Amino acid sequence: MDDVRFLDDVRVLEIASLAPTQLGMHLADMGAEVIKIEPPGRGDATRLIGTRPGFADSGLHRRWNRGKRSVAVDTRTEAGVDLVRRLIPHVDIVIEGLRPGTLARMGLAWSEMVELNPDLVMVALSGYGQTGPYRDMPSHGVGFDAVAGLADVEDDENGRPRVLARHVYYGAQVAPLFAATSALAALSWSRRTGRPAFLDVAQADAAAFANYDVEEQTTAQRATAAGAVAAQSAPDGAETPAPRSTMQSYRTRDDKLLLLMALERKFFVRLAEAVGRDDLLAQVADDQYVVRGSEETDAALSEIIASRDLEDWMEIFATADVPVVPVNTSAQVADDPHLRVRIDWMDADQHTVTMKTPVHSEPSLAPPAPAPALGQHTAEVLERVGVDRAELERLIGEGVIGVAPEG
């Protein structure tokens, strides 16, 4: 069967920059037509962040804007806003991926958009959401995680707190997925009812949702305050040392790292048997399900794992059904024997590559087109909504729109 586009009946208008453009990417990956509005001249800032010498565009642009149609329009002009207004009746979903109220300040309030398109779905994907005291504050991905308790901070050699350099941006990655699933759910509802839907999705909210410990800590505080449970404290005010995790990384004989995840008792039993050290079971505490490690077990496993190569241990633990994976660097991921089978690569510009969406389906998804040049589809898209050649030439001359050079 030929490759398919699951969302080939969905048209999206995206006005977004940086991480929120991932929402449009997810929909384009599934086959939606995503019309990206970006400023003439420089384009969306995603094109500019993280560029490398010798490459025309950034890796973020190649990934986040793939499969989209670039329409270069200056929305700071009345004529530019009018062009956006003319597109709204022809789309199913509008994405505002900028600070809250950006479209309203352009003259495109939600109420006006609904008049133009009565069953429109709009997704406002922002940093801190449409309400709250942080609503209008600028930020970056690490800020959404910091406020959500997910930004690890360590003191440097001078005792100054520093966010870890290799921070994973939880909110910035997760929020577009929440936005994509909710947008499609809302679109299904809108098509059944003929009614519009407005979705407010914030990256900080998504980060807080991803941090399960927030729920646990808040539950404990509220239950204690209500008298439902007794307050927990160590004897004589002493701090109770945290138990060692039995999910830990160890170095192998060939100087590689593996991660053992013998959290449950059944897996720790298999681990002890696989390495021929049943005595390790006496060095851990458990509640008949989760095992809590100790200094002794950690030291013993460090010595044991250092006695064989990574490939040996992967085979031993796979046979014993013990959870284990290599700890890869970014440069090693593509050559991992498992991920080499799972990751599908797509060619992009200048001999670069980008990953296909990590969704495997039958029938298989058609790969999206490479990320567009700035203004590559301006003329084509605007002609569909009645902008004739004479008006296009006039708008180009006035600097309201931009088109990509041919060839």
Side-chain angles (χ1 to χ4, degrees), residues 17-26 28-29 44-67 140-146 148 150-154 156 162-177 180 203 206-207 210-211 245 247-261 305-306 309-314 317-318 323-360 367-368 370-371:
S17 184
L18 298 176
T21 63
Q22 292 174 94
L23 166 53
M25 177 198 73
H26 291 310
D29 280 352
D44 165 26
T46 304
R47 296 178 181 270
L48 310 174
I49 299 292
T51 55
R52 294 189 178 187
F55 292 99
D57 287 309
S58 73
L60 292 181
H61 166 66
R62 286 191 292 271
R63 169 181 279 205
W64 293 352
N65 288 330
R66 67 192 186 200
H140 282 291
V142 68
F144 312 135
D145 297 344
L150 286 174
D152 290 333
V153 175
E154 292 182 355
D156 66 9
R162 291 291 181 267
V163 174
L164 300 185
R166 290 183 55 79
H167 177 78
V168 174
Y169 295 90
Y170 294 94
Q173 298 287 334
V174 174
L177 288 167
Q203 293 165 87
N211 186 359
S245 174
M247 292 194 293
Q248 192 51 265
S249 179
Y250 300 96
R251 194 171 299 279
T252 61
R253 183 173 60 188
D254 52 346
D255 201 31
K256 297 179 180 178
L257 294 174
L258 61 74
L259 176 66
L260 282 171
M261 298 169 283
I305 300 304
D309 293 347
L310 174 66
E311 188 174 343
D312 298 331
W313 284 123
M314 291 298 296
F317 290 134
V324 61
V325 289
V327 180
N328 292 322
T329 65
S330 296
Q332 294 170 326
V333 169
D335 290 326
D336 182 276
H338 178 79
L339 295 177
R340 194 163 55 233
V341 175
R342 298 291 301 173
I343 295 176
D344 290 331
W345 294 98
M346 301 181 295
D347 292 331
D349 62 331
Q350 295 183 276
H351 305 287
T352 59
V353 293
T354 184
M355 289 186 199
K356 191 177 179 181
T357 186
V359 175
H360 299 260

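It should be emphasised that the depicted structure is a prediction, and the values quoted were computed from it without experimental measurement.
- S58 places no side-chain N or O within donor-acceptor distance of the main-chain N or O of R52, the cut-off being under 3.5 Å.
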Would you please test Q248 and L260 for side chain to side chain contact (heavy atoms under 4.5 Å, CB included) and show each step?
CA-CA 6 Å; Q248 192 51 265; L260 282 171; over 6 Å; no
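- Applying the side-chain hydrogen bond (donor to acceptor under 3.5 Å, both in side chains) rule to R62 yields the partners T352; only residues at least two apart in sequence or on another chain are considered.
- Annotation: side-chain contact (heavy atoms from CB on, under 4.5 Å) contacts of M261 (sequence neighbours excluded): M247, L259, P323, V325.
- S17 meets the side-chain hydrogen bond (donor to acceptor under 3.5 Å, both in side chains) test with D44; sequence neighbours excluded.
- Minimum heavy-atom separation, T252 to D254: OG1-OD1, 2.5 Å.
- Scored by the side-chain contact (heavy atoms from CB on, under 4.5 Å) test, N328 finds P326, Q332, V333, D336 as partners (sequence neighbours excluded).
- Put simply, CZ on F317 and CG on L258 are 6.5 Å apart, with the number rounded to the nearest 0.5 Å.
- A pairwise comparison of heavy atoms in P368 and G67 identifies CB-CA, 3.7 Å as the closest pair.
- D57 meets the side-chain contact (heavy atoms from CB on, under 4.5 Å) test with R47, H61, D349; sequence neighbours excluded.
- Proximity of a side-chain donor or acceptor of Q22 to a complementary backbone N or O of A172 within less than 3.5 Å is detected.
- With sequence neighbours excluded, the residues satisfying side-chain hydrogen bond (donor to acceptor under 3.5 Å, both in side chains) with D255 are R251.
- Taking each heavy atom of G171 and A206 in turn, the nearest pair found is O-CB, 4.2 Å.
- By the salt bridge (Lys or Arg N to Asp or Glu O under 4.0 Å) test, D145 pairs with no residue at all, sequence neighbours left out.
- Atom NE2 of H338 and atom CD1 of I343 lie 9.0 Å apart (nearest 0.5 Å).
- Taking the six-membered ring where tryptophan is involved, the planes of Y170 and H167 are perpendicular, since the angle between them exceeds 60° and thus also 30°.
- The structure places CG of L150 at 4.0 Å from CG of N211, a figure rounded to the nearest 0.5 Å.
- Partners of D335 according to the salt bridge (Lys or Arg N to Asp or Glu O under 4.0 Å) rule, which considers only residues two or more places apart in sequence or in another chain, do not exist here.
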Chi angles and distances behind the side chain to side chain contact (heavy atoms under 4.5 Å, CB included) call for V163, D152:
CA-CA 6 Å; V163 174; D152 290 333; over 6 Å; no
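- To the nearest 0.5 Å, atom CG of residue L257 and atom CD1 of residue I305 are 11.5 Å apart.
- Take R253 and apply the salt bridge (Lys or Arg N to Asp or Glu O under 4.0 Å) test, not counting sequence neighbours, and it matches D309, D312.
- Remark: Y250 pairs with no residue by the ring pair (Phe, Tyr, Trp, His ring centres under 6.0 Å) rule, at least two apart or across chains.
- The side-chain hydrogen bond (donor to acceptor under 3.5 Å, both in side chains) test applied to T354 returns R66, not counting sequence neighbours.
- Put simply, the side chain of E311 does not reach to within 4.5 Å of the side chain of K256, judged on heavy atoms.
- With sequence neighbours left out, the side-chain contact (heavy atoms from CB on, under 4.5 Å) criterion links L177 to H26.
- R63 contributes atom CZ, which lies 12.5 Å from atom CG of N65 (distance to the nearest 0.5 angstrom).
- Between V142 and Y169 the shortest side-chain heavy-atom distance falls below 4.5 Å.
- Residues L18 and I49 form a side-chain contact, since some pair of their non-hydrogen atoms from C-beta on lies under 4.5 Å apart.
- Residues W345 and M355 share a closest heavy-atom pair of CZ3-CG, 3.7 Å.
- Closest of all the heavy-atom pairs between K356 and M346 is CA-CE, 3.7 Å.
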